[in-house]
Amino acid sequence: MFKSLFEAAQNSAFKSPFTSANCQAATPSTPLLPSAVGDASRQLTPNHNFAAAATAQGDSCEFGSNHYFVLCGLGGIISCGTTHTMVVPLDLVKCRLQVDPAKYKSVVNGFRVSLAEEGVRGLAKGWAPTFIGYSMQGLCKFGLYEVFKVIYSDAIGEENAFLYRTGLYLAASASAEFFADIALAPMEAAKVKIQTTPGFAKTLREALPKMTAQEGISAFYKGLVPLWMRQIPYTMMKFACFERTLELLYKYVVPKPRADCTKGEQLIVTFAAGYIAGVFCAIVSHPADTVVSKLNQAKGASALDVAKQLGWSGLWGGLVPRIVMIGTLTAAQWFIYDAVKVFLRMPRPPPPEMPESLKKKLGITGPQ
């Protein structure tokens, strides 16, 4: 299935609302031959021909190619795996605040109690499933987002891809996260079990056989539905809010066009847009995050049972540390992801511009 997705994305006539393609009908008498400068025209379907733009000078791959999508997945592994592992101590305290607020009364108190009981090393509990799980999630989240964004933009056409780009970001990110959570669920379950169940296990190698013996394979996927409830809204906000915030920052805040900004300045704008997106991500996904934490601690309970037990106010336990954690995480992830693209010399399309065909229809002149 993934192979067909990559092939469809690679052959998209509208690879992105951010790039311009010269689409024209070829007459039967006109052969489709590469031009002298390296552009290649290829026929996509019997009714569509696409004159592919040459890869920009210095780029390591062509936008929308399989190579491009693989490198996007690699960027997702690096950005998600490293950042989530870095904040394991804060995540540990956040989870304990959610599942045992009577014992862990605040962030500061949570750190104090955890240090007193387990020492500094105890704050790193759950780092292995965190690194493995979120690396796998990052691979699917970022890699498949780029794939689905291309597929959906092709399906609705270049003009609609610009007009309804927010919906495009939401649909592509939701589709990517659906698969990303399937990859994440087993390690997320193990992480929460290690962090919130005293005496259960200290390491991933110790936790996995115990979980299998107690509940079977269902132990690793019983939190998948609430994980979807948490992560899909989070990721939709993460990508859509980031993309639109980035667009607005370049339009209204940054004093010069993106093309005139240095790579370092562009990365700073990326970090700012990522942090703004992260704050909103934390808020919209927090109730489901609380349910996931409590569910993986409570044996045999359902998501609905946990939600009823916690009540409305209980669903918002640990929100402040999660805003700090997710805001920082999201900003760092976008920064690292974009930095990986810079380092690997990948195409980095600018914010979207209205297609010329749409400008003509609307009678608009000049940039929009």
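Below, each value reflects all heavy atoms present in this structure, side chains not excepted, and no hydrogens, waters or symmetry copies.
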Report the C-alpha separation of Leu74 and Leu344 in whole Å, then their side-chain angles, then the decisive distance to 0.1 Å, and conclude whether the side-chain contact (heavy atoms from CB on, under 4.5 Å) test is met.
CA-CA 10 Å; Leu74 175 62; Leu344 296 178; 4.3 Å; yes
Would you say Thr197's side chain and Ile194's backbone share a donor-acceptor pair under 3.5 angstrom?
no
Should the pair [X]-[Y] be classified as a salt bridge under the 4.0 Å nitrogen-to-oxygen rule?
{"X": "Glu215", "Y": "Lys222", "result": "yes"}
{"X": "Lys238", "Y": "Glu177", "result": "no"}
{"X": "Asp338", "Y": "Lys341", "result": "no"}

Who pairs with Lys210 by salt bridge (charged side-chain N to carboxylate O under 4.0 Å, His left out), at least two apart in sequence or on another chain?
Glu206
Would you please name every residue forming a salt bridge (charged side-chain N to carboxylate O under 4.0 Å, His left out) with Lys202, sequence neighbours left out?
none
Under the criterion salt bridge (Lys or Arg N to Asp or Glu O under 4.0 Å), I'd like the reasoning laid out for Lys125 against Glu118: C-alpha separation, chi angles, the key distance, then a yes or no.
CA-CA 10 Å; Lys125 288 180 70 173; Glu118 302 172 88; 3.1 Å; yes
Does some side-chain heavy atom of Phe239 sit less than 4.5 Å from a side-chain heavy atom of Lys149?
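Sidechains of Phe239 and Lys149: no contact.
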Given Glu188, which of Arg230, Lys193, Gln231 fulfils the side chain to side chain donor-acceptor pair (under 3.5 Å) condition?
Arg230
Are [X] and [Y] an aromatic pair by the rule of ring centers under 6.0 Å?
{"X": "Phe63", "Y": "Tyr68", "value": "yes"}
{"X": "Phe178", "Y": "Trp228", "value": "yes"}
{"X": "Tyr275", "Y": "Phe335", "value": "no"}

Spacing of CG belonging to Asn160 relative to OH belonging to Tyr152, to within rounding of 0.5 Å:
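Here the rounded value is 16.0 Å.
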Pair Phe242, Phe280 - check ring-ring contact (aromatic ring centres under 6.0 Å, His included), show working.
CA-CA 10 Å; Phe242 170 80; Phe280 288 100; over 10 Å; no
